[in-house]
Structure formats: structure tokens, C-alpha cells
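Given the structure is predicted, the values throughout are model-derived calculations rather than measurements. One-based numbering along the sequence shown.
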Amino acid sequence: MAVVKKRPTIGITPDINDLEAPETEYVVRRNYADAVLDTGGLPFILPYSGEVSAYLANLDGLLVTGGMFDIDPKLYRQSARKSYVMKPARTHFEKALIEGALERQVPVLGICNGMQLLAVCLGGELVQDIPSEMPAAYEHKLDQPATIPQHEVAVPGNSWALPALRAGSYVVNSVHHQAVLPSPAYRQIGSAPDGVIEAIEAVGGGFALGIQWHPEYRISEIDQEIWQGFIAAAAEHLSKRSALPHG
């Protein structure tokens, strides 16, 4: 019988359409799972639950997906400056997962809204609305599909999480109206020409990477580097987890 090589397990957080509806659905775009599969990971969708510790005990990586909603400003010590669409149940679940993953040193990849929540969990704050708070910035939420590149991101090439990443300018498909503010809790490893932060990594060790654009579409040269780095970190976590005694 052929030996099947173990693949690192990657938990993916889904969106939810309506908590109050009788036929509530979890929703996650296929390209998130496809990117994990194609890069060597084994994806699992994580239903919202209080079983965060049980999830993390069986995961080698956590992928926090994007979504068309905002994080409650109270979570990053601000007052709301306008009315926002929020999803408290999802944010509460994802926040607990991120905090638990950071504590256990489970690799974390946060995409778009997931990057913003990672920054908040690390102690950072957000720009609540780019057009009103950064008037010199250009439009980051263009009315076009995410399959179309939208602007450049400058990468200095000194990432701890992605050591193979080359310095340069990459065209990406960033779609967002909020942004991450600078903080000593994370390093800025990518930015748009207007100064908007587009990628961060935690300073406390381990793999905790936030990407503001959508690498799951894999339309940019940089995107595969992100997935390879994430799955490599998850594979390393799997090796450590497999070495632990089982009782």
C-alpha cells in the first residue's frame, strides 16, 4: 500500500449570509480553498463555534478570509465616525481564532478584512474610511472585479515570514475602504504609492502575515510567493505537531 504523505491542515474562516435567516449559509469563495490545495495544504472550512481550542489543536495554519463588512471600532479603541456594516458573530469567532493561533504559534494568513483583524488582535488600529481620512489617497475600492489588477504595491524585500520574497513593485487587486495604521506591534512589508499599508507581519515571532489585497485570485507575481510561504510555515508546524507525544 502506498504511503500517503501528510499535508498540513489549513482552517479557512467562512462568511455567513444571515444569522437570523432560517436557512443560514456559510459562504467561502472556492479560490481560497483552491489556492491552499494547489500549494500543498489540506483546507477545512471552520463553522462558527466556541470550540476554538479544539480547532487549533488540529490545524497547522489559519486562513482568515476577506469580507464586505467592517470591524467594530471599539475593538481598536476608537469611536465609530459613521454607520458601518458589521458582523459581530463572525468577528468574535475570527478574533478568538487569531488570538489562539498567535498564542499557539499556528501560522496565520489574514486577507483583506482578515489582515485588518490581525492588526487589531496584535494591538493596532485602523483607518475607518480611506476617502474621508486620507483625502490624498486614491480610490482603493474601485467598481471592478477582483480579477483585474488595480494598483502597485512596493515591497522592500526584507520580510521575516517570506524570506524568499524579492524587493520590487507588484501590481495587485486591492479592494477595500479601510486600512491598517502603523504600529510597533507589526512590520509594514508592503505599501501602495499613496502610503496605504498593504501588507504586515507580526514582530513577536512565528508566521503571522496580513495581506490587504486578494492573493487567492493569483493574478500577481507576488501571490504564489505568499501561498508558498504560508503552506511552508504550516508544513513546519505539522512536523513539530507530529513530533509531539500522543497520549
For Asp60 and Thr9, indicate whether the former's side chain and the latter's backbone hold a donor-acceptor pair under 3.5 Å.
yes

Run the numbers on Asp15 and Val28 for side chain to side chain contact (heavy atoms under 4.5 Å, CB included), then give the verdict.
CA-CA 6 Å; Asp15 203 353; Val28 62; over 6 Å; no

Flag yes if more than 12 heavy atoms outside Gln228 fall under 6.0 Å of its CD atom; otherwise flag no.
yes

Stepwise side chain to side chain contact (heavy atoms under 4.5 Å, CB included) test for Val127 and Ile197:
CA-CA 10 Å; Val127 176; Ile197 297 174; over 6 Å; no

I'd like to know if the side chain of Tyr170 reaches the main chain of Asp223, judged simply by a donor and an acceptor atom lying under 3.5 Å from each other, with no hydrogens or angles considered.
no

Ring-plane angle category for Phe207 and Phe230, please: parallel below 30°, perpendicular beyond 60°, tilted otherwise.
tilted

Closest heavy-atom pair and its distance - Ala154, Pro156:
O-CD, 4.0 Å

So CD1 of Ile226 and CG of Leu162: to nearest 0.5 Å the spacing works out to 6.5 Å

Sub-3.5 Å donor-acceptor pair from the side chain of Arg90 to the main-chain atoms of Phe69, do we have one?
no

Of Asn31, Thr39, Asp38, the one forming a side-chain hydrogen bond (donor to acceptor under 3.5 Å, both in side chains) with Arg218 is Asp38

Let me know which of Ser169, Ser191, Ser220, Ser174 forms a side-chain hydrogen bond (donor to acceptor under 3.5 Å, both in side chains) with Glu152.
Ser169

Minimum side-chain heavy-atom gap Tyr76-Leu181 below 4.5 Å:
no

Are Met115 and Tyr186 close enough, and set up right, to give a side chain to side chain contact (heavy atoms under 4.5 Å, CB included), and what steps lead you there?
CA-CA 11 Å; Met115 165 174 152; Tyr186 39 79; over 6 Å; no

Between CG on residue Asp129 and CD on residue Gln178, distance to nearest 0.5 Å
7.5 Å

Donor-acceptor contact below 3.5 Å, side chain Thr13 vs main chain Thr65:
yes

To the closest 0.5 Å, what do you measure between CD1 (Ile211) and CD (Glu198)?
9.0 Å

Within 6.0 angstrom of Arg77 CZ, more than 12 heavy atoms from elsewhere:
yes

Evaluate the salt bridge (charged side-chain N to carboxylate O under 4.0 Å, His left out) criterion for residues Arg166 and Glu221: first the C-alpha distance (whole Å), next the side-chain angles of each, then the deciding distance (0.1 Å), finally the verdict.
CA-CA 11 Å; Arg166 301 186 313 276; Glu221 181 184 354; 2.5 Å; yes

Could you walk me through whether Ser183 and Glu125 satisfy the side chain to side chain contact (heavy atoms under 4.5 Å, CB included) test, starting with their C-alpha distance in whole Å, then the side-chain angles of each, then the deciding distance to 0.1 Å, before giving a yes or no?
CA-CA 8 Å; Ser183 168; Glu125 299 184 44; over 6 Å; no

Is there a donor-acceptor contact under 3.5 Å from the side chain of Tyr32 to the main chain of Gly66?
yes

I need the Arg104 CZ to Leu62 CG distance, nearest 0.5 Å.
12.0 Å

Quick check: does any side chain N or O of Glu201 sit under 3.5 Å from a backbone N or O of Ala161, one acting as donor and the other as acceptor?
yes

Verify the distance criterion only: is there a donor paired with an acceptor across the side chains of His214 and Glu216 at less than 3.5 Å?
yes

Could you check whether atom CD of Gln224 has more than 12 heavy atoms from other residues, nucleotides or ligands sitting under 6.0 Å from it?
yes

When you measure from the side chain of Arg7 to the backbone of Pro43, do you find a donor-acceptor pair of N or O atoms at a distance under 3.5 Å?
no

Closer than 3.5 angstrom, by distance alone: can the side chain of Gln128 be matched with the main-chain N or O of Arg81 as a donor-acceptor pair?
yes

Mind checking the CG-CG spacing from Leu126 to Asp70? Nearest 0.5 Å is all I need.
9.0 Å

If I take atom CG from residue Leu118 and atom CD1 from residue Ile111, how far apart are they, to the nearest 0.5 angstrom?
11.5 Å

For the pair Tyr55 and Phe93, name the ring-plane relationship: parallel under 30°, tilted 30 to 60°, perpendicular over 60°.
perpendicular

Enclosure of Lys87 NZ (heavy-atom neighbours >12, cutoff 6.0 Å):
yes

Between Glu103 and Leu56, is there a side-chain heavy-atom distance shorter than 4.5 Å?
no

Side-chain heavy atoms of Arg187 within contact of Asn158, under 4.5 Å
yes

